Trainee: 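Before we start, here is the structure in question, set down as structure tokens.
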Amino acid sequence: MAKAPRPGPYVCGIDAALDVVSGKWKGLILWELDAHRVRRFAELRRGLPGVSEKMLAQHLREMEEDGLVHRKVFAEVPPRVEYSLTEHGRTLNRALGALGAWGSERIRREGCEVRDPQSSVLHREHR
């Protein structure tokens, strides 16, 4: 595991946690890898509509450096790379569960639009 590039100083535990999950896509990458266990880059990109290739690569690199994601390269032609959560990443994903529940309640309460991650279809949650 690589040494974390952002060693603090931190004000509190929430500060340290948000340092690792900051960025629009990191929480969704955690969710996607938790749901599917192992994903190739293109599969992750399809599962996260709207993420650019550059941003996904950058977030995966940072998450690997932070010890959240494992990157496995297979010596094949063409090369195959698979991503999965480390135990550290799984514990973070579990910790984010309460935040996800809060967000789901907000979606329901506010009647927000929800995107199906497997398509481009939007639907509105009803109050």
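Note that the coordinates shown come from a computational prediction; the quantities given were computed from them, not determined experimentally.
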Trainee: Are Val11 and Leu18 linked, directly or through intermediate hydrophobic residues, by side-chain heavy-atom contacts shorter than 4.5 Å (ILVMFWY only)?
Mentor: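 Each belongs to a different hydrophobic cluster.
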Trainee: For Arg106, check side chain to side chain contact (heavy atoms under 4.5 Å, CB included) against everything at least two apart and list the hits.
Mentor: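 Here the qualifying residues are Trp102, Arg109, Glu110, Cys112.
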Trainee: Flag the pair Arg39 and Glu32 as a salt bridge only when some basic side-chain nitrogen lies within less than 4.0 angstrom of an acidic carboxylate oxygen.
Mentor: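 Salt bridge between Arg39 and Glu32, a charged N being under 4.0 Å from a carboxylate O: yes.
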Trainee: Listed by chain and number, what are the salt bridge (Lys or Arg N to Asp or Glu O under 4.0 Å) partners of Glu76, not counting sequence neighbours?
Mentor: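 With neighbours one apart ignored, the set is Arg80.
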Trainee: Between Asp15 and Tyr10, which heavy-atom pair has the shortest distance, and what is it?
Mentor: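 The answer is OD2-CA, 3.3 Å.
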Trainee: Would you give the length of the straight line joining atom OH of Tyr83 to atom CG of Leu60, rounded to the nearest 0.5 angstrom?
Mentor: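 Those atoms lie 5.0 Å apart.
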Trainee: How far does OG1 of Thr86 sit from NE2 of His70, to the nearest 0.5 angstrom?
Mentor: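 Going from OG1 on Thr86 over to NE2 on His70, the span is 9.5 Å.
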Trainee: Taking side-chain hydrogen bond (donor to acceptor under 3.5 Å, both in side chains) as the definition, give me every residue that meets it alongside Arg40, ordered by chain and number, with sequence neighbours left out.
Mentor: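 For Arg40, no residue satisfies side-chain hydrogen bond (donor to acceptor under 3.5 Å, both in side chains) once neighbours in sequence are set aside.
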Trainee: Can you sort out the partners of Leu30 under side chain to side chain contact (heavy atoms under 4.5 Å, CB included), two or more places apart, ordered by chain and number?
Mentor: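 Counting only residues at least two positions away or on another chain, Leu30 forms a side chain to side chain contact (heavy atoms under 4.5 Å, CB included) with Val21, Met63, Leu85, Leu92, Asn93, Leu96.
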Trainee: Val69, Phe74: one ILVMFWY side-chain cluster at the under-4.5 Å cut-off?
Mentor: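 No; Phe74 is not reachable from Val69 via cluster members.
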Trainee: Looking only at heavy atoms, what is the nearest atom pair of Leu68 and Val20, with distance?
Mentor: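 Residues Leu68 and Val20, closest heavy atoms: CD1-CG1, 3.1 Å.
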Trainee: Please find the pair of heavy atoms, one from Ser84 and one from Val38, that lie closest to each other, and give the distance.
Mentor: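 Taking Ser84 first and Val38 second, the nearest heavy atoms are CB-CG2, 4.2 Å.
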Trainee: Is any side-chain N of the basic residue among Arg61 and Glu64 closer than 4.0 Å to the acidic one's carboxylate O?
Mentor: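 Judged by the 4.0 Å cut-off on N to carboxylate O distance, Arg61 and Glu64 do not form a salt bridge.
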Trainee: Who pairs with His59 by side chain to side chain contact (heavy atoms under 4.5 Å, CB included), at least two apart in sequence or on another chain?
Mentor: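 Partners of His59 by the side chain to side chain contact (heavy atoms under 4.5 Å, CB included) criterion, ordered by chain and then number, come out as Trp25, Lys26, Ile29, Met55, Glu62.
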Trainee: Under 4.5 Å between any side-chain heavy atoms of Phe41 and Val81, yes or no?
Mentor: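 Not in contact.
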Trainee: Kindly say whether Val51 contributes a backbone atom to a donor-acceptor pair with the side chain of Arg45 at under 3.5 angstrom?
Mentor: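 Pair found, side chain donor or acceptor close to backbone of Val51.
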Trainee: Is any side-chain heavy atom of Arg37 less than 4.5 Å from a side-chain heavy atom of Leu33?
Mentor: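 SC-SC contact between Arg37 and Leu33 ruled out.
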Trainee: For Glu43, what residues pass the side-chain hydrogen bond (donor to acceptor under 3.5 Å, both in side chains) criterion, not counting sequence neighbours?
Mentor: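 side-chain hydrogen bond (donor to acceptor under 3.5 Å, both in side chains) list for Glu43, sorted by chain: empty.
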